[in-house]
A.B. asks: 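Pasting a structure here, questions to come.
Predicted, not measured: the structure shown is a model, and the values here were computed from it. Order of the sequence lines sets the chain letters (A, B, ...), proteins ahead of strands, with each chain counted from 1.
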Amino acid sequence: MKLKAINLEKAYNPKDFEDRIYGQWKESGSFRPSGDKGAAKYSVVMPPPNVTGILHMGHALNNSLPDVLIRYHRMLGHDTLWVPGTDHAGIATQNVVERFLLKEGLTRQQIGREAFLKRTWEVKERHHDIIASQLEKIGSSCDWDHERFTMDEGLSRAVREAFVTLYERGLIYKGNYLVNYCPKCGTALADDEVEYQEIPGKLYEVRYPYSDGSGFITVATTRPETMFGDVAVAVNPEDERYKSVVGKTLDLPLTDRKIPIIADGFVDIAFGTGMVKITPAHDPNDWQCGKRHNLPQINILNPDGTLNDNCPEKYRNLPALVAREAVVADLLAQGYLIGEKEHNHEVGHCYRCHTVIEPYLSEQWFVKMDGMARKALDAWKNKEVNFYPKKWENTYVHWLENIKDWCISRQLWWGHRIPVWYCDKCGKMMVKREDPTVCDCCGSDRIHQETDVLDTWFSSWLWPFSTLGWPDKTPDFDRYFPTDCLITGYDILFFWVSRMIMASEEFLGKSPFKDVFLTGLVRDKLGRKMSKSLGNGIDPLEVVDRYGADAMKFTLAHGCTQGQDMKIDMDSFKMGSKFCNKIWNAARYLLMNLEDVTLGDPDSLELGVLDKWIYNRLNQAAAKVAEGLDSYKFNEAAQAVYEFFWNDFCDWYVESSKKDLYSTDQAVKDRAMTILLDVLKKSLSLMHPFVPLVTEEIYSKLPNTDTSCINSRFPSFNPKIDYSDEEKTVGMMQEAVRLVRNVRSDLQIPLERKIHVVVRPDEDNAASAFMAANKDLLSSFMTAGELVIDTAKKADISEALPAAGLGISVYVFVREAVDIEAEIAKLRDEIEKNRKSLAQTMQKLSNENFINHAKPEAVEKEQQKRAEFEEKIAKAEHHLNLLQSF
RNA sequence: GGCGACGUAGCUCAGUGGGAGAGCGGUAGUCUUACACACUACUGGUCAAUGGUUCAAAUCCGUUCGUCGUCACCA
């Protein structure tokens, strides 16, 4: 059947088709798992973005990479599932909604818990739709039918199941402990939710007098206002200076309290005065020390960070920093403050709102971690879970070995409310999977639920199995759990990855994924983290708008090396865009030449040397892609498809085929096109995981396809294809062409001057025979007028310029192409002129006055000129020598 | 302070025992039957410094300098 030419738009314009193609895929259910039980399964869960966030480059990266993998496995025929979803992000979301309220002059307390949650759900719905459409826009082939939210019904059930189970196993407890508390967010935080930043502060030296009037001691502190919580002063028991004073009593300045001097090994003899005031309720070390010595804990703060009633009246209700100034002033006035020096120290800040964290004594819920940590360590030791790159294993192990109990209660409203009820009558506590209506113990219906909610990560850590139906034994769970790999940034290794492994081991006895690939972080060109406050972020949607989703995906994959952060700016994406354009134009070229062509069966054709060569290159590229993707070396896989398509297919194969494609013999043309389209079709499949949209759009136009690209078979490496002889032959031809092109370029012989060339292979072999048989092709690559393949080594080459390569030499009859005498004269002129200029420059540069007194820019400019002249002279002399040599 | 990473072409980075590479940039030329988002060629680097192991080191080891990350911290 004779085909008609197909005309594609002149340039690659992703906007013309990206949304349409994505819609078609989604519509046709292409993202759904095949459910084919006969095939291997491949499953991945998406790291759920915060529902109130906006997609940033980090999301783009850790959704692009799984997309590549998922598409690759789908094309291998695997039963693939990629589960998308969003996270309720307790603190972050609550903050967002509170900001909205503030604009209306309201606080959450004013509108109450129920109304606040209603508002929050509304905000969640709106933002969810934005996030989901952004994920679609960047081309993620996740299965939307499996989408989950950490607070949807199923996942909430999973959270309860997890909490109650852990409680039943004795792994959850409640108690009064010193926790990290953010006064602004009004909630406790886990240890790893605190970020430490060095800030300048002061170290105050304060005198505490002995109660017996025998003098005073001096302590050093950065936080003088906490002195109201002091319950002792500690010295090191080994400290000779203070051995005699241990046990004495001190008067605490500004108060009427008396505190003892105690001995404790944690005190550093060398630091400060060697005396430390002990404030158990406001410092983790002091808290430990207080426990050891059975000291009371005096909490001096209100939840909002102001001083409370345990402090002298004067300071009550002042914010800590204000109180500090007042205390310092009073200490100074009363002669207690004797020193004050600059002191930089690390201070904890809230990872959500960057407020200074207070160690705060309060009643909180905790998870015991040591046992789970051991299981998670074993999972790694047994190779149940593997880290890429390997270096993260150390970090993982170190964290697990030093783990502390996890504070999971948050004094927020947005989140999973802790499933604990208290009886108002008998005071008993109940921990329940289902909401109770009456007290188990006394039967009273006057019960109330715990008001705290759970840490967001308490739901995220169940994600790989809660999204598949756990705690129920669903078909999805049976089929797709454990998942195959997890891709996310290393910044949430502890928050999320480690905890998922712990939860999964605890509840299911296996690792939730086989592999963890931890990506680097996306940074700007200056190496700074992209952030809203710096305004240096790149919006993935803007990238899509300017260059297309494929360009973004390809660039990210191509730039993704193991363990390195990725520095990018908007221009970085030109690379992917150019590649897509190249693909587009190659396809356009072939399709526009389809007129009157009848395609044959590529499998039954007798292949020529070049045909075998290109199939061999394709086969090898496929091997590299498989190798790269199997080991999470996305850059190597992307590079392989790039080089194959551009350098092998476009630059050599398509160019080589032009003669046949324009042959007057229709049979020759049909044959050429049959193979060209077959290679194109397979190339599109090869490239599809990296540039899905453009390959699908082109694929849909091909006359030799009947499926969609997304559902086509990946052209996997076929060990039976071995055309290494053809590989050598074509390599030799390419070498000959390069040699001639070098000569032409060196002597600046314009293309329209057809040159006379003798090619002399070292040996008479398949390559020389091929070149002899394809002289026309070779001539066109060399733009040669006359070409002799001189296997017999008989041609007269005395007049030609030789150039030698590996296994081959070429001789170019330059004389015919260039007017030697004129060229020599021209070069001599040029050398002369440049030497004069150089002499002038040198004169300036050798003048000390010039060097010492002229502006540095001027000197530098002269030096640049010198280098330029010298280079020009050297080049001209090189040419001159060449021309004079024959 | 512990642990770790990095330092390769003007820029961004690959490369892990035997050839120093890519993309972008620069230079020169080319509208050579799709692609100027192209083609061709060229340019450019004591692979941070130093010592060692080796027949052979950008690659392995030691030390130094510089940059960064991370964990833990002294009040």
A.B. asks: If a pair means Watson-Crick or G-U wobble with both distances below 3.5 Å, what does RNA chain B look like in dot-bracket form, with | marking bases paired to a different strand?
C.D. replies: ((((((((.[[[[.)..(..]]]].(((((.......))))).....[[[[[..)....]]]]])))))))....

A.B. asks: Give me the distance, rounded to whole Å, that separates B:C42 from B:U33 when you measure between the P atoms they each carry.
C.D. replies: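 Looking at atom P only, B:C42 and B:U33 are 23 Å apart.
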
A.B. asks: B:G17 and B:C60: how far apart are their C1' atoms, nearest whole angstrom?
C.D. replies: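 Here B:G17 and B:C60 have their C1' atoms 8 Å from each other.
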
A.B. asks: Can you name the salt bridge (charged side-chain N to carboxylate O under 4.0 Å, His left out) partners of A:Arg292, sequence neighbours left out?
C.D. replies: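 With sequence neighbours excluded, A:Arg292 shows a salt bridge (charged side-chain N to carboxylate O under 4.0 Å, His left out) to A:Asp264, given in chain and number order.
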
A.B. asks: Report the distance from atom CD of A:Glu735 to atom C1' of B:G19, rounded to the nearest whole Å.
C.D. replies: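 Taking atom C1' of B:G19 as the reference, CD of A:Glu735 is at 14 Å.
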
A.B. asks: According to side-chain contact (heavy atoms from CB on, under 4.5 Å), who are the partners of A:Lys567, at least two apart in sequence or on a separate chain?
C.D. replies: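 With neighbours one apart ignored, the set is A:Arg523.
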
A.B. asks: I want to verify a distance call: between B:A34, B:G23, B:A38, whose nearest atom is closest to the A:Lys658 side chain?
C.D. replies: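 Closest nucleotide among those given: B:A34.
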
A.B. asks: N/O contacts under 3.5 Å, protein versus nucleotides 9-16 of chain B?
C.D. replies:
| unit_1 | atom_1 | unit_2 | atom_2 | d |
| --- | --- | --- | --- | --- |
| B:C13 | OP2 | A:Lys567 | NZ | 2.9 |
| B:A14 | OP1 | A:Thr561 | OG1 | 2.8 |

A.B. asks: Pick the C1' atom in B:C37 and in B:A48, then give their distance to the nearest Å.
C.D. replies: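 Roughly 37 Å separates the two C1' atoms.
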
A.B. asks: Looking at B:C71, I'd like to know if its phosphate oxygens (OP1 or OP2) sit under 4.0 Å from a side-chain N or O belonging to A:Asn402.
C.D. replies: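 Checking B:C71 against A:Asn402, no side-chain N or O comes under 4.0 Å of OP1 or OP2.
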
A.B. asks: Among residues two or more places apart or on two chains, list those pairs meeting salt bridge (charged side-chain N to carboxylate O under 4.0 Å, His left out) that have a residue in residues 570-586 of chain A.
C.D. replies: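 Salt bridge (charged side-chain N to carboxylate O under 4.0 Å, His left out) check on residues 570-586 of chain A returns A:Asp571-A:Lys574.
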
A.B. asks: Whole angstrom is fine here: how far is it from OH in A:Tyr642 over to C1' in B:A22?
C.D. replies: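 Nearest whole value for this atom pair: 9 Å.
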
A.B. asks: Measuring from the side chain of A:Ser745 (C-beta onward, heavy atoms only), which nucleotide among B:A75, B:A36, B:A41 has the closest atom?
C.D. replies: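 The answer is B:A41.
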
A.B. asks: Given the C1' atoms of B:C3 and B:A72, what is the spacing between them in whole Å?
C.D. replies: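 Going atom to atom, C1' in each nucleotide, I get 10 Å.
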
A.B. asks: Would you mind telling me which residue lines up with the more 5' stretch of RNA chain B, A:Thr783 or A:Ala220, judged by nearest nucleotide?
C.D. replies: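 Its nearest nucleotide being more 5', the pick is A:Thr783.
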
A.B. asks: Within the structure shown, what part of the strands sits under 4.0 Å from A:Asp651 by heavy-atom distance: base, sugar-phosphate, or nothing?
C.D. replies: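 A:Asp651: backbone/sugar contact only, no base atoms under 4.0 Å.
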
A.B. asks: Given B:A34, B:C42, B:C37, identify the nucleotide with an atom nearest to the side chain of A:Glu655.
C.D. replies: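 Nearest to the side chain of A:Glu655 among the choices is B:A34.
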
A.B. asks: For nucleotides B:G52 and B:A5, find the distance between their P atoms and express it as a whole number of Å.
C.D. replies: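 Those two atoms are separated by 25 Å.
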
A.B. asks: Does B:A36 have OP1 or OP2 under 4.0 Å away from a side-chain N or O of A:Lys582?
C.D. replies: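 So the side-chain polar atoms of A:Lys582 never come under 4.0 Å of the phosphate oxygens OP1 or OP2 of B:A36.
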
A.B. asks: Calculate the interatomic distance between A:Leu590 atom CG and B:C35 atom P; express it in whole Å.
C.D. replies: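 Checked: the CG to P distance equals 13 Å.
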
A.B. asks: Give every residue pair that meets the side-chain hydrogen bond (donor to acceptor under 3.5 Å, both in side chains) criterion with at least one member in residues 550-559 of chain A, sequence neighbours excluded.
C.D. replies: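 Listed once each, the pairs are A:Asp67-A:Lys553, A:His558-A:Gln639.
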
A.B. asks: To the nearest Å, how far apart are A:Leu493 CG and B:C71 P?
C.D. replies: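 Interatomic distance, CG of A:Leu493 to P of B:C71: 10 Å.
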
A.B. asks: Nearest whole Å is fine: how far is B:A22 C1' from A:Phe644 CZ?
C.D. replies: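 About 19 Å, once rounded to whole Å.
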
A.B. asks: For the P atoms, the ones on B:A49 and on B:A58, what distance do you get once it is rounded to whole angstrom?
C.D. replies: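 Here B:A49 and B:A58 have their P atoms 11 Å from each other.
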
A.B. asks: Could you check how far CZ of A:Phe781 sits from P of B:U30, rounded to whole Å?
C.D. replies: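 Atom-to-atom, A:Phe781 to B:U30, this comes out as 21 Å.
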
A.B. asks: With sequence neighbours excluded, what pairs up with A:Arg324 under the salt bridge (charged side-chain N to carboxylate O under 4.0 Å, His left out) test?
C.D. replies: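 Testing A:Arg324 for salt bridge (charged side-chain N to carboxylate O under 4.0 Å, His left out), a comparison that skips the adjacent residues, returns A:Glu225.
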
A.B. asks: Just compare B:A41, B:A75, B:G69 and give me whichever is closest to any side-chain atom of A:Thr222.
C.D. replies: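 So the side chain of A:Thr222 is nearest to B:A75.
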
A.B. asks: Salt bridge check, A:Glu358 against A:Arg223: does any charged N sit closer than 4.0 Å to a carboxylate O?
C.D. replies: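 Yes, A:Arg223 and A:Glu358 are salt-bridged.
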
A.B. asks: Are more than 12 heavy atoms from other residues, nucleotides or ligands located less than 6.0 Å from atom CD of A:Glu627?
C.D. replies: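 Not buried by this count: 12 neighbours or fewer within 6.0 Å.
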
A.B. asks: By side-chain contact (heavy atoms from CB on, under 4.5 Å), which residues pair with A:Ala376, not counting sequence neighbours?
C.D. replies: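 A:Ala376: side-chain contact (heavy atoms from CB on, under 4.5 Å) contacts with A:Tyr396, A:Leu400, A:Ile501, A:Met502.
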
A.B. asks: How far does the P atom of B:G25 sit from the matching atom of B:U64, given to the nearest Å?
C.D. replies: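 Looking at atom P only, B:G25 and B:U64 are 42 Å apart.
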
A.B. asks: With hydrogens left out and only the distance checked, is there a donor-acceptor pair under 3.5 Å joining A:Lys574's side chain and the base of B:C37?
C.D. replies: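 Answer no: no donor N or O sits under 3.5 Å from an acceptor.
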
A.B. asks: Measuring only the P atom in each nucleotide, how far is B:C61 from B:G18? A whole number of Å is fine.
C.D. replies: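 Approximately 15 Å lies between the P atom of B:C61 and that of B:G18.
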
A.B. asks: Over all strands shown, is A:Val267 touching base, sugar-phosphate only, or nothing at heavy-atom distances under 4.0 angstrom?
C.D. replies: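 The answer is base, as A:Val267 lies within the cut-off (heavy atoms under 4.0 Å) of a base atom.
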
A.B. asks: Filter on salt bridge (charged side-chain N to carboxylate O under 4.0 Å, His left out), then keep only pairs touching residues 276-289 of chain A, sequence neighbours left out; what's left?
C.D. replies: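 Qualifying pairs: A:Asp230-A:Lys277.
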
A.B. asks: Identify each atom pair where a protein N or O and an N or O of nucleotides 1-4 of chain B are less than 3.5 Å apart, giving names and distance.
C.D. replies:
none

A.B. asks: Within this structure, what is the CZ-CD distance for the pair A:Phe266 and A:Gln288, rounded to the nearest 0.5 Å?
C.D. replies: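 The CD atom of A:Gln288 is 10.0 Å from CZ of A:Phe266, to the nearest 0.5 Å.
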
A.B. asks: Using a cut-off of less than 4.0 Å, is there contact between a side-chain N or O of A:Lys578 and OP1 or OP2 of B:G23?
C.D. replies: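 No, no such contact exists.
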
A.B. asks: Apply salt bridge (charged side-chain N to carboxylate O under 4.0 Å, His left out) to A:Arg546 and list each qualifying residue two or more places apart in sequence or on a separate chain.
C.D. replies: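 For A:Arg546, the residues satisfying salt bridge (charged side-chain N to carboxylate O under 4.0 Å, His left out) (neighbours in sequence not counted) are A:Glu542.
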
A.B. asks: Rounded to the nearest Å, what distance is computed from the OH atom of residue A:Tyr12 to the C1' atom of nucleotide B:A38?
C.D. replies: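 Rounding to the nearest Å, OH of A:Tyr12 and C1' of B:A38 are 17 Å apart.
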
A.B. asks: Figure out the CE/P separation between A:Met575 and B:G25, and round it to whole Å.
C.D. replies: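 Rounded to whole Å, this separation is 12 Å.
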
A.B. asks: Is any side-chain N or O of A:Trp646 closer than 4.0 Å to OP1 or OP2 of B:A38?
C.D. replies: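 No, no such contact exists.
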
A.B. asks: Does NZ or CZ of A:Arg499 fall inside the cone over A:Trp406's six-membered ring, less than 6.0 Å from its centre and within 45° of the axis?
C.D. replies: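 Cation-pi check for A:Arg499 and A:Trp406: passes.
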
A.B. asks: For A:Lys10, report the nucleic acid contact type (base, sugar-phosphate, nothing); a contact means any heavy atom under 4.0 Å.
C.D. replies: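 The residue A:Lys10 makes sugar-phosphate contact but no base contact.
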
A.B. asks: Applying salt bridge (charged side-chain N to carboxylate O under 4.0 Å, His left out), name anything that partners A:Glu195, two or more places apart in sequence or on another chain.
C.D. replies: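 A:Glu195: no salt bridge (charged side-chain N to carboxylate O under 4.0 Å, His left out) contacts found.
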
A.B. asks: To the side chain of A:Gln639, which of B:A38, B:A22, B:A75 is closest?
C.D. replies: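 Selected nucleotide (nearest to the side chain): B:A22.
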
A.B. asks: Which pair of heavy atoms, one from A:Pro260 and one from A:Val231, lies closest together, and at what distance?
C.D. replies: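 Of all heavy-atom pairs spanning A:Pro260 and A:Val231, the closest is CD-O, 3.2 Å.
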
